[in-house]
Amino acid sequence: MSKYPAGENNSYILLRQRAIPDLDNLDIYRQHGGFTVLEKAITSMKPDEVIEVVKGSGLRGRGGAGFPTGLKWSFIDKDNWPHYVVANADESEPGTFKDREIMEGNPYQFLEGIAICAYAIQSSAAYIYLRGEFWQISANLDRHIEALGVAGLLGDNLFGSDYSLHIYTHLGAGAYICGEETALLESMGGKLGQPRLRPPFPPSFGLFGKPTVVNNVETLTNVPPIVERGAEWYRTMGTEKSSGPKIFSLSGRVSRPGNYELPLGTTFRELIYEHGGGIPNGRSIKAIMAAGASSALIVANDEALDTPMDYESVPALGAQLGSASVIVIDDSISIPWLINKTTHFFKHESCGKCTPCREGTYWMMHLTDRIANANATQEDVALLHAVASQIRGKCLCALGEFSIEPVLSGIERFKADFDTAVSETNNN
Amino acid sequence: MTKLVTLTIDGMQVSVPEGTLVVDAAKKIGIEIPVFCYHPKMEPVGMCRMCLVEIGRPVIDRSTGQPVLEDDGSPKIQFSPNLETACTTPVGAGMVVLGATEKARSGREDIIEFLLTSHPLDCPICDKGGECPLQNLTIKYGSGQSRYLYDEKKHFVKHVSLGELIFLDRERCIQCGRCVRFQSEIVDDPVIGFFHRGRALEIVTYSNPGFDSYFSGNTTDICPVGALTTADFRFGARPWELNKAASICNHCPVGCNLTMNVRREAASGGDWVVKRVMPRQNESVNEIWVCDKGRFGYHFAASSSNDQTSFKRLSQPLVRKNAGSDHPGELVPASWDEALSVVSERFAEAGDGLLALAGGRLANEDLFNLKQLTTTLGGEAVLYTHMAGGELTTQLGIQPGSDIGTMGQGDAILVVACDLMEEAPIWWLRVKQAAERGSQLIILNSRSTKLDQAAAFVLRYPFGAETSAVLAMLNALSEKRLRLPEAVQVLERDPTLQAAAEVFSGANNALIMYGSDCIGLTESQALAQACANLLDATGHVGRPNNGLLGVWPRANDQGAWELGFQTQTKLEDALGAAAALYIVAADPAGDDPTYLGQSGFGGKAFVVVQDLYLTQTARLADVVLPAQSWIERDGSFTSGERRAQRFYPVIPPRTAPVSRAESPSTNKAPLLIAGDEVMESPLPDFAITAMITLRIDSEARITASSAARVFNQMAETVPAFSDQTYLELAQVHEQWPIVGRDDLYYGGTSYENTGGLGMQLALNTSDTPSTTRLAGTTVEFIRMPKLGQIAFPIARLYDRGKTLMPSQLLHERIGEPYIVLNVNDAEMLRIQDGDVVHMTVANREPDSPDRVTTGQTVVVQARLDQELPERVVLVPRSFGIPIDKPTPVEIRRTE
């Protein structure tokens, strides 16, 4: 289960630079089959055929929501033109650092994925929205895009067809909320980065109000191998409903943190102990955050460790897989301290558009400040739980809804830590 | 026909058009779903989350497409696990909305609690207190207890100036974005926006001056908290202390419906004082909006004879006495009896030598009685204006049933020689919205205006060629073509003009709005005629939403046209020739001293001035009669859309100076004691005129007793008013959206209309429209001189007129007198932007070859403009510069 199918030349589909040196050089990338898939798509496939292949592969969005990618592409409104592709490279979830490695090491596969997606929805302009801190990556991507233009792999009348495509990079200003696709689109349109009301969804009303596919970097990087080798091949990896490889960003109290490209459905135990080398300093594992700061805290018992990391099994633990940024918490960590960190983050990043998130994260920050600093009572813990609960289900976008996940799960699943924090208050 | 959708809200069934939002559907049947960010005039944003409801939808069997039924045969309803926002959810067939459940109630309580964690709760010092949606909804839905630690509250600056008109209290702001959305979505003036994020989110202004929009005051009405307040009302009064009275704005021909809030104040000697002006809903006129001139420009009418500024009101009649051959004598206070005796005697002597000159801010009743007086004596009734063509609007104007708010797809609006934003901002808004709904907007102008952005066709004619430009459109549609001056032949051949003409001709309904941008009396008469011909030729007459609409300089010019007032092209000659002058609500001497001629109105005329103030003209008069302002009495105005609308007494008439008695109380509030005899105080214009007339002819059919009686007499005599009664003007019907009442959270603090929606006048069909007058005639055209400049008058909303200058709040926006010059001309004249220049009026006849530079000289600031053609100078009207039509001028730099 945890290995790619036999017969592969190497074990990497996404992080291929780990096996092939200098893959960020266009010549090297082309020597390894680069842009033959795009050529194949443009010269021998109809756009809808490309969509069908992606649909058939079962590829799901790697940004966190896990929405079927091919289905998203098929929603593009064909009565409204032009169409756009926007690659979401705003990678901002604490603990997520996979898109960065793709763009740094295997940028051409990502760009080829954008191009195939653009062809599939007949878009002639694609944008890469990068978080502001990725200015160096952005500059490198600009060079790569230029190289593609020089090589005739990007631009007008590609491969002798009448299909043309231009790709542009766009740097954000570093707001977490701009990773939310509609806030991203607002930001790209020159407006304040705040999420839009949905519906309408981007496939009918996206960038500049036009039909748009917004996909995560990793999602798009999956596309060339899928179109090259077919949906059937792709489905041999991962689970039935969560097919394909996934890059797990492993961090926290683990011996070998880093990105691990493994099939979906790999267990937490395999990731943390086999690949990550287990917990250092003789400590034992206490909790897992599987989706970065937006995670519900998973109690790291045997049942949890043996749970496959896919879009169905993790929710069964009362948590989410999200973008698979697995943060390992050991027994030296106080959960009140931890949720104080996450709450500060969400308070700082709340865009302010809707009331429960704007006011609720601020209130939770004050409460967790006092609890974490041993200046609180049981009433404060109960109030924190109540405040988090009353945010739930009332927010305009997912940011506010995610902000309460560590808080509620922390209080409910690690009550002893809160009792300790409160008792320290009494000792003060 | 829109498809209706039936749903159930809190057990009540309602059928509403498809696409209606749940929140509006509930409002229609009187169910309250509380909101802060939602506003029925704007697109929903779902930000505040206050409108949470439970929503259930019928379960549909996918295989059959039929609703799944419960055991009892009722449709199975599935409720979503989360509460949903009623403001963003369109109705669906069979939908079940529950707003009164414990779940919904607790959801709203949660949102209120969140909002209050960052709200200062400073209601006792907040202007909104008493009419505050947040306050009201907190009492209704809040828990009544605070779980938030007070010392964890975040504090912000409480007095942020968004310019000198609007102030922001950052602590009170709940970030609903209504103001920001109003400015961008409704009035297309995106000069404010959100800055920062999260709790630091704040409203900022991008413009200089701050919040540079003629509609800014409306944001304070729709602000659901006390975050935005006007500098005019701020800290001025509490809402519950205020009385209200329905009124009509007196600044422009739109006729916005207003509610004026008043209270008695010790500081004013116990007098009633206007504290603020608010919009009153009339969806066919101003909806629920009003421009800032209307909102902030009421002080001229509210000032009193106690006013220590130059806007001191007249309090009693003045009669000139002790005049001798070598000295003019002086104006001394007199009783009404004495003044009226003198006036009536001298008017009777003058007979048909009487000339009544009336300003367009007078009410219908005043104008009617003036007309009765001149008819009695055989004299002349002249409207004091720079814009003619009104008689054509009474014949070919718009008729009952017209409403720009109903114009859309398939309709066309032609705006010519007009800067609507400056001349009538609410019409600008209404026309822009008609264009957004699909009306084809055609703009014909000599220069760019803000309305261009909304137009389908923007056409430019050379300065002075407005009439030819309209005729070029007519030529585009007809076989028999009028020969037009060379200068417009480029425009005539422009395919855009051809296309625009065809669109106009083919429109289901078409209006022409013409103004007086860069033109005067003679030119506007010709322009109106050309417009009338175009309407007639294309069949856009005699039907609702079709016809000619004048964008007049004054609020009731339309009323004057309906009542048969004429214009005088050579006004100074007419004034000089009259035996007696009755100048009412006009100040020709103050506007342009050349009206006085060599010896002051001919030197021998008996001059009576009836006004609010001792104007320049009044200082020269033989008798001065003090009039009440429109807010001190009742009456009616006729808007440019030919809608007669009633205004009501807002404050009691000003009495003569009240003698003060020392108050026995320690706080020294003056005692209110009765003033002088009421008869020595100002009176309504119609009453004064009637009393004069009755003294001349006791049998005259004229009444001084009440505006209602004058109006009904008018209805008997004047065909346009024949379908109307004073009472019917006060009728109202249900309007959407519902505003006012207890629904402040929904539409804002705009007032519900209980004072009357007015009635549109019938077209005058007794006179045959003279639409063919232009055929075969040569078209006048102003040629640019080889040397020197021609000054063209333009309108500025904020001008230095006598009805605006008393509003000191607006002085910064009004600014000093200026002219606009072309950059090349300026370079030649060694003038730089901002320089002070001398401008000399060269001659009052633009085509006269022998120009004599003996005119007046004004000292003004020069502004430079790159787009302006050479030799063209723009001069704002009512800035103390005597230019009311295209006029040759000479400009030199002030050394």
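Throughout, protein chains are lettered first and strands after them, A, B, ... in sequence-line order, and every chain is numbered starting at 1.
Proximity to chain B (any heavy atom under 4.5 Å) is shown, for A:C357, by neither the backbone nor the side chain. Heavy atoms closer than 4.5 Å to chain B are found in the side chain of A:L383, but not in its backbone. Contact of B:L201 with chain A is made through the side chain alone, with heavy-atom distances under 4.5 Å. The contact between A:I391 and chain B is made by backbone and side chain atoms together, counting heavy-atom distances below 4.5 Å. Contact annotation for A:A175: both backbone and side-chain heavy atoms come within less than 4.5 Å of a heavy atom of chain B. Contacts of B:I111 with chain A are made by both backbone and side-chain atoms, with heavy-atom separations under 4.5 Å.
Using a 4.0 Å cut-off between a side-chain N of Lys or Arg and a carboxylate O of Asp or Glu, A:K394 and B:D110 qualify as a salt bridge. A:K353 and A:E186 are not joined by a salt bridge, as no carboxylate oxygen comes within less than 4.0 angstrom of a charged side-chain nitrogen.
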Next item on the list: Kindly determine whether A:Y84 and A:F208 satisfy ring-ring contact (aromatic ring centres under 6.0 Å, His included), including the steps that lead there.
Entry: CA-CA 9 Å; A:Y84 294 107; A:F208 313 129; 5.6 Å; yes

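When the candidates A:P199, A:P195, A:P356 are compared by the number of heavy-atom contacts under 4.5 Å with chain B, A:P356 comes out ahead. For the set A:Q194, A:R196, A:R370, A:E379, the entry with the most heavy-atom pairs within less than 4.5 Å of chain B is A:R370. Comparing A:T355, A:T361, A:V387 by how many heavy-atom pairs each has under 4.5 Å with chain B, the most go to A:T355.
Counting non-hydrogen atoms of neighbouring residues, nucleotides and ligands closer than 6.0 angstrom, the CH2 atom of A:W135 reaches no more than 12 such neighbours. Environment of CD in B:Q145: sparse, with no more than 12 heavy atoms of neighbouring residues, nucleotides or ligands closer than 6.0 Å. For A:R392, the CZ atom sits in a loose shell: 12 or fewer heavy atoms of surrounding residues, nucleotides or ligands are nearer than 6.0 Å.
Contacts between residues 169-187 of chain B and chain A, defined by a heavy-atom separation under 4.5 Å, are made by B:I174, B:Q175.
Using the six-membered ring where Trp is involved, A:H170 and A:Y129 have ring planes that are parallel, under 30° apart on the 30 and 60° scheme. The aromatic rings of B:Y148 and A:Y362 lie parallel to each other, their planes meeting at an angle below 30°, with 60° marking the opposite boundary.
The CD atom of A:E180 sits 11.5 Å away from atom OG of A:S187, with the distance rounded to the nearest 0.5 Å. Interatomic distance, CG of A:N340 versus CG of A:D369, reported as 5.0 Å (0.5 Å rounding).
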